[in-house]
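The shown structure was predicted, so the numbers you read here are calculated from the model rather than taken from an experiment. Reckoned from all heavy atoms, side chains included, excluding hydrogens, waters and symmetry mates. Letters A, B, ... mirror the listed sequences (proteins, then strands); counts begin at 1.
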Protein chains: 2
Amino acid sequence: MARAAGVSRSTVSRVINEEPYVSAKARDAVHQAILDLGYSPNQAARTLAGNRANAIALVVSEQGSRVLSDPFFAGVLRGVHAELSGRRVQLVLMMTQQDDEQDIVGYLAGGHVDGVLMVSLHGQDPLPLKLADAGVPIVVGGRPLVGDGIQYVDSDNFNGALEAARYLVATGRRRIATIAGPKDMAVGMDRLNGWRRGMAEAGQPSDLVAHSTVFTPDGGAAAMEDLLSREPELDAVFVAADIMAMGALRVLHAQNRRIPRDVAVVGFDDLMIASTALPPLTTVRQDVEQLGRTMTWCLLGQLDGEEGLPPSLLLPTSLVIRASA
Amino acid sequence: MARAAGVSRSTVSRVINEEPYVSAKARDAVHQAILDLGYSPNQAARTLAGNRANAIALVVSEQGSRVLSDPFFAGVLRGVHAELSGRRVQLVLMMTQQDDEQDIVGYLAGGHVDGVLMVSLHGQDPLPLKLADAGVPIVVGGRPLVGDGIQYVDSDNFNGALEAARYLVATGRRRIATIAGPKDMAVGMDRLNGWRRGMAEAGQPSDLVAHSTVFTPDGGAAAMEDLLSREPELDAVFVAADIMAMGALRVLHAQNRRIPRDVAVVGFDDLMIASTALPPLTTVRQDVEQLGRTMTWCLLGQLDGEEGLPPSLLLPTSLVIRASA
DNA sequence: TCGGCACCTGGGAGCGCTCCCAGACTCGCT
DNA sequence: AGCGAGTCTGGGAGCGCTCCCAGGTGCCGA
C-alpha cells in the first residue's frame, strides 16, 4: 500500500487518520492508491497499535428473547446505527444472561470496545454500575433505578403521562383509571407518577390503578378486567403501553363498551399497532429512534473527551390524538 | 500473564485455544492465573496474528429502517445470537445503503469478519453475489432471487401456503382468494405459488389474486377491497402475511362480513398480533428464530471447513388454527 | 547570514497475540 | 543400549498498523 502510493507507511497512516502535515500531493497519491487497490485498513492492527477499539458495544440485558422483539429495541438500534454511520465505529451486539455477567464485565472492561450503550429494561440491573466502576464509558437507554453517576437518556415519560391525563380531564372524563407497568421498571413508575400528578391537578381521585407485571396484551387485558370489576362506571383509562392497550381494547369490546363514547382509551409509545387498532388509538408518542441517536451522540462525546456533557437527558413526548379518546 | 502462570506465552496460547499437548499442571496454572488477573485475551491481537477475525457480520440490506422494525429480523437476530453464545465469535451488525455498497464489499472481503449472514428482504440484491464472488463465506436468510451458488436458509413458504389452501378447501370454502406479496420478493412468490398449487389440486380457479407491493396493513386493506369488488361472493382469503391480514380484517369488518362465517381468513408468519387480532387469526407459523439459528449453524460449518453441507435448507412451517378460519 | 518555526516525511519500536521450529523429556520397542 | 514416536515446552518471527523521534525543507524576521 505504502509502496503503491510511493510514500511511507507513516504518511499513509496520516492520510487515513486525516492528520495535518500531509502535502496535497502525498494525500492524492494515497487516495488514488486506496481506490486502485480497494484497500481497507486492517481494523485489528489499528486497534492493537493505537489503543482504541473503534467499536462500541450495544448491550442488551435480560434474556435477549423478550427484548429483541420489542419495537423499542428496534427503534433504538435504528437510531444508534444512523448516528454511527459515517464514523468508523463498528457496532458489536451483545446480550447478557445472568450467569456470564462477570465474563461480560471482563470483556467490556478489557479494551475490546471503547464504550458501551446499554438498553436495560428492568431498572435494577447492576451491570451499568459495575461497568461505570470499571471505568468503561457507558450510556444507558431508559432511566436506571440504581446507580447515580450513570449517564442515561430517556423519554420524558412523566410529562407524557401527565399530558395524557390532562387531555382526558379536558375532554370531560370524570372517572379515570390507569393500567400501569411493573413497579420495578422506571418507565412504569414514571408514567404512573405522571398520571397521578394529572389526577391531582384536576382534583380527581387516583385510586383506580392496576399494575401489570408485563408489557403484553394479556397483561393489559387482565388489568382492564380488574379495573372494570372495581369500578364499572369508569369512563377513561390511560394505559402505560400500546401493547397493553391492545388487551384492554379487547376486554372493553367484549363488555360492549363503546370507544370512545363510553370509555376513552389513551396508550403510550405510538407503535405501529396503535394506528391500526380498532378504533385507532390515541397515544403518547415517544421517538425511540431519536433516543438511540442521542445515546450514541452522548457516548461518542464521552469518548472524544468533550467537556460539559449533560449528566442525563430527557426527550420530549407528544400526544397523538386519534379516535380512541 | 505468562509470567503470572509461570509458563511461556506459547503455553498460555495453547491453553486458551484448547490445543492438545499441554500438561494438566500447566493448564491448571494458566486457568488459575486467568481467574486471578481477570485476564481476557486481546481480540485485536488474536485477529492480527492468526488470520481469523473471530467475528461474523450480520448484514441488513435495504434501508435499515424498515427491516429493523420487522419482527422477522428480530427473530433472526435472536436465533443468531442464541447459536453464537458460548462460541467466541462476536456479532457485528451492519446496514447497507445504496451508495456505500462498494465500501461494504471492501470491508467484508477485507478480512475484518470471517463470514457474513445476510437478511435480504428483497430478493434482487446483488450484494450476496458480490460477496460470494469475493470469496467471503456467506449464508442468506430468505431465498434470494438471483445468485445460484449462494447458500440460503428459508422457511418452506410454498408448502406453508399449500397447507393453508388445502385447509380452506377442506373446510368447505368454494371461492378462495389470496392477497400476495410483491412480485420481486421470493417470499411473496413462493407463498403465491403454494396457494396456486392448492387451488389446482382442488380443481378450483386461482384467478382471485391481488398483489400488495408492501407488507403493511394498508397494503393488505387495499388488496382486500380490490378482491371484494372483483368477487363479492368470495368466502375465503389467504393473506401472505399477518401484517397485511390486519388490514384485510379491517376492511372485512367495515363491510360487515362475519369472520369466519362469511369469509375465512388465513394469515402467514404467526406474529404476536395474529393471536391478539379480532378474531384471533388462523395462520401459518414460521419459526424465524430457528431460521437465525440455522443460518448461523451453516455459516459456522462453512468456516470450520465442514464437508457435505447442504447447499440450502428449507425449514418446515405449520398451520396454527385459531378462530378466523 | 543565521537561527527559529511551521511544515512535511521516513523509519524504528512495539502493541499482544499465533504460528512454527527446535529442543527436552518419557516411553516402549528392538 | 539405542532409536523413533509421542508428548510437552519455550522462543523467534511476524501479523499491519500507530506512535514517536529524528530528520529534511522552505520561509520568515532578526
Side-chain angles (χ1 to χ4, degrees), chain A residues 1-34 36-55 87-90 106-114 303-305, chain B residues 1-34 36-55 87-90 106-114 303-305:
Chain A
M1 172 62 204
R3 208 168 44 239
V7 297
S8 71
R9 296 163 312 160
S10 305
T11 301
V12 172
S13 177
R14 277 186 278 260
V15 172
I16 288 179
N17 295 296
E18 295 174 0
E19 286 172 22
Y21 298 142
V22 180
S23 65
K25 204 178 72 183
R27 190 163 35 238
D28 290 348
V30 172
H31 280 140
Q32 190 56 49
I34 287 176
D36 293 347
L37 277 65
Y39 169 85
S40 157
N42 183 312
Q43 289 304 329
R46 302 186 75 194
T47 301
L48 186 58
N51 25 227
R52 176 169 1 99
N54 304 304
R87 325 245 323 191
R88 283 213 215 73
V89 178
Q90 283 307 314
Y107 180 88
L108 293 174
H112 303 286
V113 295
D114 299 321
L303 297 183
D304 290 348
Chain B
M1 173 60 206
R3 208 167 46 238
V7 297
S8 71
R9 297 162 309 153
S10 305
T11 301
V12 173
S13 177
R14 276 186 279 258
V15 171
I16 288 179
N17 295 296
E18 296 175 357
E19 286 171 21
Y21 297 142
V22 180
S23 65
K25 203 178 74 183
R27 189 163 36 237
D28 290 348
V30 172
H31 281 140
Q32 191 55 49
I34 288 176
D36 292 347
L37 276 64
Y39 168 83
S40 156
N42 183 312
Q43 289 303 330
R46 301 186 76 194
T47 301
L48 185 58
N51 24 225
R52 178 172 356 104
N54 304 303
R87 326 245 325 191
R88 283 212 216 72
V89 178
Q90 284 307 314
Y107 181 88
L108 292 174
H112 303 286
V113 295
D114 299 320
L303 297 183
D304 290 349

For this session: Check ring pair (Phe, Tyr, Trp, His ring centres under 6.0 Å) between Tyr107(A) and all other residues, then give those that pass, not counting sequence neighbours.
Result: His112(A)
Seminar exercise, completed: Residues pairing under side-chain hydrogen bond (donor to acceptor under 3.5 Å, both in side chains) where one sits in residues 18-29 of chain A, two or more places apart or in two chains, turn out to be none
Exercise. Do any of residues 41-55 of chain A sit with a heavy atom less than 4.0 Å from DNA chain C, and if so which?
Worked result: Leu48(A), Ala49(A)
Seminar exercise, completed: Rounded to the nearest 0.5 Å, the CZ atom of Arg9(B) sits from the CZ atom of Arg14(B) at a distance of 10.5 Å
Exercise. Base, sugar-phosphate alone, or nothing: which one does Thr11(B) contact when heavy atoms must sit under 4.0 Å apart?
Worked result: sugar-phosphate
For this session: Identify the two heavy atoms, one from Ala5(B) and one from Val30(B), that lie closest to each other, and give their separation to 0.1 Å.
Result: CB-CA, 4.0 Å
For this session: Tell me, please, which residues at least two apart from Ser10(B) pass side-chain hydrogen bond (donor to acceptor under 3.5 Å, both in side chains).
Result: none
Exercise. Excluding sequence neighbours, so at least two apart, what forms side chain to side chain contact (heavy atoms under 4.5 Å, CB included) with Asn54(B)?
Worked result: Gln43(B), Arg46(B), Thr47(B), Arg52(B)
For this session: Give, ordered by number, those residues of residues 12-23 of chain A having at least one heavy-atom distance below 4.0 Å to an atom of DNA chain C; if nothing qualifies, reply none.
Result: Arg14(A), Tyr21(A), Val22(A), Ser23(A)
Tabulated below should be each protein N or O lying under 3.5 Å from an N or O of nucleotides 23-26 of chain D; please produce it.
none

Seminar exercise, completed: If each end axis of the helix from dT1(C)-dA30(D) to dT30(C)-dA1(D) is fitted on five C1' pair positions, the angle between them, to 10 degrees, is 50°
Seminar exercise, completed: Minimal heavy-atom distance between Ala53(A) and Val113(A), with the atoms involved, is CB-CA, 3.6 Å
Problem set entry | Name of the residue among Val15(A), Val12(A), Val22(A) meeting side chain to side chain contact (heavy atoms under 4.5 Å, CB included) with Val7(A) | Val12(A)
For this session: Provide the start and end nucleotides, 5' to 3', of the part of DNA chain C that has atoms under 4.0 Å from heavy atoms of chain A.
Result: dC7(C) to dG16(C)
Seminar exercise, completed: Across all chains, not counting sequence neighbours, the side chain to side chain contact (heavy atoms under 4.5 Å, CB included) partners of Ala49(A) are none
Exercise. Taking only residues two or more places apart in sequence, or in another chain, which ones meet Arg87(B) in a salt bridge (Lys or Arg N to Asp or Glu O under 4.0 Å)?
Worked result: Asp304(B)
